Amino acid sequence: MKVYDEIIDLIATSRPEMIANFQVSPEAKEHVADLLSREKNGGLTPDETSELNDYMEFEHIMRLVKARARQLLTQ
């Protein structure tokens with residue numbers, strides 16, 4: 001078991017319906033798409049690079065949380 005599995009379980013079990021259906025706002029999606037596009041061209045500031053890295057880590061964790069929430073909903 002990975003350390004963050006406990007955190008994923010906590011979040012997923014709190015309100016699995018809400019977690020399974022969570023989506024970031026269209027504005028946030030657009031901002032991330034902009035950062036990704038600019039990253040490919042080497043045009044990010046160090047703060048923007050940090051923000052993008054944080055978002056990518058968060059997105060990975062949320063995918064795990066959503067998968068766990070969906071498992072709970074089908075049980």
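The figures here come from the full heavy-atom set of this structure, side chains too, leaving out hydrogens, waters and symmetry mates. All values reported here derive from a predicted model rather than from experimental measurement.
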Q) Which pairs, with at least one residue in residues 65-75 and sequence neighbours excluded, count as a side-chain hydrogen bond (donor to acceptor under 3.5 Å, both in side chains)? A) Asp9-Arg68
Q. How far does CD1 of Ile8 sit from CE of Met62, to the nearest 0.5 angstrom?
A. 10.0 Å
Q) What residues form a side chain to side chain donor-acceptor pair (under 3.5 Å) with Asn53, not counting sequence neighbours? A) none
Q: Hey, could you give me the CG/CG distance between Leu64 and Asp5, rounded to the nearest 0.5 Å?
A: 8.0 Å
Q. Taking C-beta and beyond as the side chain, do Leu10 and Ile7 meet within less than 4.5 Å on heavy atoms?
A. no
Q: Looking only at non-hydrogen atoms, find the nearest pair between Ala20 and Leu73 and report the distance.
A: CB-CD1, 3.9 Å
(Q) Within the structure provided, determine whether Tyr55 and Val24 are in side-chain contact (heavy-atom separation under 4.5 Å). (A) yes
Q: Calculate, to the nearest 0.5 Å, the distance between atoms CG and OG1 belonging to Asp54 and Thr49 respectively.
A: 11.0 Å
Q.
What's the separation between atom CG in Leu35 and atom CE in Met56, rounded to the nearest 0.5 Å?
A. 10.5 Å
Q: Give, for atom CD of Glu48 and atom CD of Glu51, the distance between the pair rounded to the nearest 0.5 Å.
A: 7.0 Å
**Q.** Residue pair Ala12 / Leu72: nearest heavy atoms and the distance that separates them
**A.** O-CD1, 3.8 Å
Q: Would you indicate whether Glu30, at its atom CD, is surrounded by more than 12 heavy atoms from other residues, nucleotides or ligands within a distance under 6.0 Å?
A: no
**Q.** Taking every non-hydrogen atom, the tightest pair across Leu52 and Leu44
**A.** CD2-CD1, 4.0 Å
Q.
Please give me the minimum heavy-atom distance between Pro16 and Ala69, naming the atom from each residue.
A. O-CB, 3.6 Å
